[in-house]
Amino acid sequence: MYRAPRGTSDILPKEQAHWRHIEQKVADICQLYGYERIDAPAFEDTQLFTRSVGEDTDIVEKQMYTFQDRSGSQITLRPEGTASVCRAYLEHGLHNLPQPVKLYYITSIFRYERPQAGRYRQHYQFGYEAIGDDDPTLDAEVIDLAWQFFESLNLHHLSLQLNSIGCKKCRPGYLTALKDYYASYTHDLCSDCKTRLKRNPLRLLDCKKPLCQQIANSAPRSIDYLCQQCDTHFNQLKKYLELLELPFIVNHCLVRGLDYYTRTVFEIQPEAEGAQSTLGGGGRYDDLIEELGGKPTPAIGFAAGIERIIINLKKQNIPVPSLPKPRVFIAYVGNEARDKATKLASTLRRTGIGVIEAIGSKSLKAQLRQANSLGIHHTVIIGDEEVEAGTVILRDMTTAEQKTIPIDQLEGELQ
RNA sequence: GUGAGUGUCGCCUAGUGGUCUAAGGCGCCAGGUUGUGGCCCUGGAGAACGAGGGUUCAAAUCCCUCCACUCACCCCA
């Protein structure tokens with residue numbers, strides 16, 4: 001028997017209420033902040049991702065679904081959302097629009113990883129990007145949107161972690177200081193951290209091993225090495241976040257896994273500790289557009305994992321609105337009644353009333369059982385007598401009351 | 001990529017060498033008088049016990065290999 005490929009899953013009807021609810025909240029909040037939807041292709045030129053995400057990241061090194069198509073092009077299923085949006089911004093000359101350009105997406109993301117709770121090979125992210133300005137107010141707005149989004153979902157006990165990792169001017173100095181500091185601790189570091197020291201020193205800071213964390217805690221802080229502009233930017237951002245009453249925590253160990261981040265980085269996490277705790281994260285990427293061939297264009301964005309949001313909604317027992325279903329079930333007995341039922345179902349649907357018509361030749365009892373288990377409010381019953389008299393029986397399934405009415409009054413009764 | 005755990009009908013679970021060509025619950029289907037649901041009752045369909053190999057007179061139950069799933073590490077959403 002075929003199964004869904006490893007790390008993928010079917011989203012069955014009983015799960016759809018959660019998905020639709022989140023999609024609705026995304027659309028609402030984005031509209032509120034002036035973001036417009038963009039849908040990019042599921043795959044792109046491999047280079048787009050290797051350039052933007054960074055050659056030395058786990059994503060590029062071992063997680064991309066890359067293949068050659070029939071023409072020999074190197075194609076990659078998108079492992080993150082930002083690169084495609086930036087590509088679209090450049091490709092369609094969106095710099096001609098008033099800046100910043102604000103775009104959002106809900107889309108599937110593909111990464112080849114070992115699946116576990118909250119981590120899949122195909123998952124969905126909601127994300128948004130504000131491209132074309134580096135004003136710290138914009139950073140604040142982007143963070144505020146993320147925070148208000150989770151608020152609107154009634155997800156509580158979240159924390160907002162914030163840091164600034166500087167720009168290409170000031171970061172090299174910081175990295176040097178960091179490496180110097182760690183040089184004296186090489187023997188105490190875990191094996192992973194030893195390789196991090198060589199390959200990606202920033203990542204040393206978020207190792208979870210107790211000893212490594214101790215070392216990280218007294219490591220040089222990126223914010224102490226910011227250049228004048230980055231320092232001012234970060235301070236202004238914090239001021240705006242206070243103005244907006246967002247309860248941020250400056251986390252000196254917060255770094256992000258993608259190379260394109262500059263200055264502001266932030267994450268939103270559930271307060272409960274655990275694996276895959278990050279609900280969403282984002283930050284500034286002031287050099288990315290230029291890197292991809294555009295003019296220097298500052299930008300900032302955020303993305304959150306839909307599955308993780310759903311996990312947390314369930315964990316916190318937060319109900320979501322149930323999806324609407326047809327209000328009327330039509331049952332029938334006999335062939336003539338069946339014709340009537342079919343016609344009636346069609347007529348009602350054309351007036352906007354949702355109808356499920358009994359299908360097949362089941363007993364009336366079976367048909368009513370079905371109506372019951374579908375949780376439908378009204379059942380219309382048509383039999384020989386009703387055909388003869390031009391009537392139908394309208395049964396209220398919640399009260400078990402029913403009455404016989406002329407068929408042409410049914411629509412009025414159902415309004 | 002590393003480590004641990006699990007694998008019996010659609011779902012949950014019983015069974016730990018012989019009475020198991022596998023039991024129960026949920027769900028599904030059908031009936032409980034003639035055209036009526038939800039409760040109850042009865043019956044039915046549905047798994048050769050993840051796959052393959054081995055041990056044994058005998059295996060769902062023991063061993064091996066593989067596969068899958070789950071969880072954790074790594075990393076991230």
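Just so it is clear: chains get the letters A, B, ... in the order the sequence lines come, proteins before strands, and each one is counted from 1.
- Residue-level contact check: Phe126(A) touches neither bases nor backbone, having no heavy atom under 4.0 Å from any strand.
- Nucleic acid contact for Ile59(A): none, since no nucleic acid atom lies under 4.0 Å from a heavy atom of the residue.
- Protein atom CZ of Arg6(A) is 8 Å distant from nucleotide atom C1' of A68(B), rounded to whole Å.
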Just the atom pairs and distances: protein N or O near nucleotides 2-8 of chain B's N or O, under 3.5 Å.
from	atom 1	to	atom 2	distance (Å)
U2(B)	O4	Arg114(A)	NH1	2.9
U2(B)	O4	Arg114(A)	NH2	3.2
G3(B)	O6	Arg114(A)	NH2	3.0

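- The aromatic rings of Phe302(A) and Phe266(A) lie parallel to each other, with less than 30° between the two planes, well short of the 60° mark.
- Qualifying salt bridge (Lys or Arg N to Asp or Glu O under 4.0 Å) partners for Glu36(A), counting only residues two or more places apart in sequence or in other chains: none.
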I'd like a list of close polar pairs between nucleotides 30-33 of chain B and the protein, N/O only, cut-off under 3.5 Å.
from	atom 1	to	atom 2	distance (Å)
G31(B)	O6	Arg369(A)	NH2	3.3
G32(B)	N7	Lys365(A)	NZ	2.7

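- The stretch residues 330-385 of chain A participates, sequence neighbours left out, in no ring-ring contact (aromatic ring centres under 6.0 Å, His included) pair at all.
- Arg256(A) comes within 4.0 angstrom of the backbone, heavy atoms only, and of no base.
- Set against A68(B), G35(B), G37(B), the side chain of Arg3(A) has A68(B) as its closest nucleotide.
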Check your understanding: Is there a side-chain contact (heavy atoms from CB on, under 4.5 Å) between Tyr65(A) and Arg121(A) once you walk through the steps?
Key -> CA-CA 9 Å; Tyr65(A) 277 93; Arg121(A) 289 186 175 176; 3.2 Å; yes
Exercise for review: Let me see the working for Gln214(A) and Asp188(A) under side-chain contact (heavy atoms from CB on, under 4.5 Å), right down to the final yes or no.
Suggested key: CA-CA 10 Å; Gln214(A) 261 184 28; Asp188(A) 302 323; over 6 Å; no
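- Going from the C1' atom of G5(B) to that of C9(B) covers 24 Å, rounded to whole Å.
- Listed by first and then second residue, the side chain to side chain donor-acceptor pair (under 3.5 Å) pairs involving residues 405-415 of chain A are Lys403(A)-Glu413(A) (not counting sequence neighbours).
- For the side chain to side chain donor-acceptor pair (under 3.5 Å) condition, the pairs that include at least one residue of residues 39-52 of chain A, sequence neighbours left out, are Arg37(A)-Asp39(A), Glu44(A)-Ser84(A), Glu44(A)-Arg87(A), Thr46(A)-Thr76(A).
- The side chain of Pro115(A) approaches U70(B) more closely than any other nucleotide in the set A77(B), U70(B), G37(B).
- Shown here, U55(B) forms no base pair; nothing in the strands shown gives a Watson-Crick or G-U wobble contact with both key distances under 3.5 Å.
- In this pair, Tyr185(A) and Tyr181(A) present their aromatic rings tilted. The plane angle is within the 30 to 60° band.
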